[in-house]
Amino acid sequence: MKRITFKSVVTEAKLLLIGIPLLIWTLIPIYHMVLFSISPRDTATSGKLWPDHPTLQNFDFVFYQKHFYLDYFWIQMGNSLLIATAVGALTLMISTCAAFAISRLKVPGGRTVMNLALFTYFIPAAFLAVPMYKTMGVYGLLNTQWALILAMVTIASPYCIWVLKQASDKLPYELDEAARMDGASPMQLFRLVYLPLMVPSLVAVGTYALLLAWNEYLYAFLLLSNDKDVTLSVALGNFLSADDSPWELLMTTGLIYALPPAAIYYTFKRYMVSGLTAGAVKS
């Protein structure tokens, strides 16, 4: 049985004193999203902690696109899903191959290239928005979804390569040597040895890239302009363009938009922690 000491009680008390206020502060915005989403329009901004007559009418408005701000709700939701999935898949493919080449095949100059790519994170992503806009215009990709996909893959890949390289370094090299002695080619080594052992880290970086693209606003706003091509995160900004914004519909749409990434995160939560921290501590 675990012994309870005064020191352990004090430690637990300190953690609770810090954790409970942080938890409440984190939940307040979520609570207000739910509060607005179940409030009638005329009482949404009344300041009450709970509406007198809760309703699900706002969800009906959103699902059936009954407001002009929601004319392309499902199309824009589909755009967000398509772009996020494409970014996750492309980032995963690029970072997996790069990490394998750098860590297992020992490609000359690979570590230098990885470090130079990581160096780009010293520059805030907002500063790169205008050069990225110009680049997409030069290559004729502006106002296409490929512009946003490629931009997000560019932003996500350096970190994902570093995470996968760190995790790959922890794999025993004896496995590679044994596979080569059995006549395995580099591609067979990649497919039969490397990929199965890297599953937790692969799920982690794929989820990270997907969520990064799902929540992106600046590049989506800058690179896309057609209402039928933009993501839902950009479309949510349209609600703020009017003097009398329908806050209840904005919060309802935002709540719906937040559900898929929350579900994805909690589905792969155990992989996110172990995968993103793999290789952080040398054994």
* Could you label the plane-to-plane angle of the Tyr217 and Phe221 rings as parallel, tilted or perpendicular, counting under 30° as parallel and over 60° as perpendicular? => parallel
* So, Tyr219 versus Tyr133, ring centres under 6.0 angstrom or not? -> no
* **Whether Phe239 and His67 hold their rings parallel, tilted or perpendicular, with breakpoints at 30° and 60°** => parallel
* With a 4.5 Å limit on heavy-atom distance, are the side chains of Thr96 and Phe190 in contact? -> yes
* **Non-hydrogen side-chain atoms of Leu255 and Val34 separated by less than 4.5 Å** => yes
* To do: List in chain and number order the residues that pass side chain to side chain contact (heavy atoms under 4.5 Å, CB included) with Leu16, two or more places apart in sequence or in another chain; answer none if no residue qualifies.
  => Ile20
* Whether over 12 other heavy atoms sit under 6.0 Å from Lys106 NZ -> yes
* Residue pair Ser103 / Asp169, side-chain donor-acceptor N/O under 3.5 Å -> yes
* Between Leu189 and Phe100, does a side-chain contact (heavy atoms from CB on, under 4.5 Å) hold up when you go through it step by step? -> CA-CA 10 Å; Leu189 179 65; Phe100 176 75; 4.2 Å; yes
* Report yes if the side chains of Leu223 and Leu142 come closer than 4.5 Å at any heavy-atom pair, otherwise no. => yes
* Determine, step by step, whether Tyr265 and Thr207 satisfy the side-chain contact (heavy atoms from CB on, under 4.5 Å) criterion, reporting the C-alpha distance in whole Å, the side-chain angles of both residues, the deciding distance to 0.1 Å, and the verdict. => CA-CA 7 Å; Tyr265 175 79; Thr207 305; 5.6 Å; no
* Structure fact -> In terms of heavy-atom contacts, Leu70 and Phe61 come closest through CD1-O, 3.7 Å
* To do: Name all residues meeting the side chain to side chain contact (heavy atoms under 4.5 Å, CB included) criterion together with Asp60; count only those two or more places apart in sequence or in a different chain, and write none if there are none.
  => Tyr64, Lys66
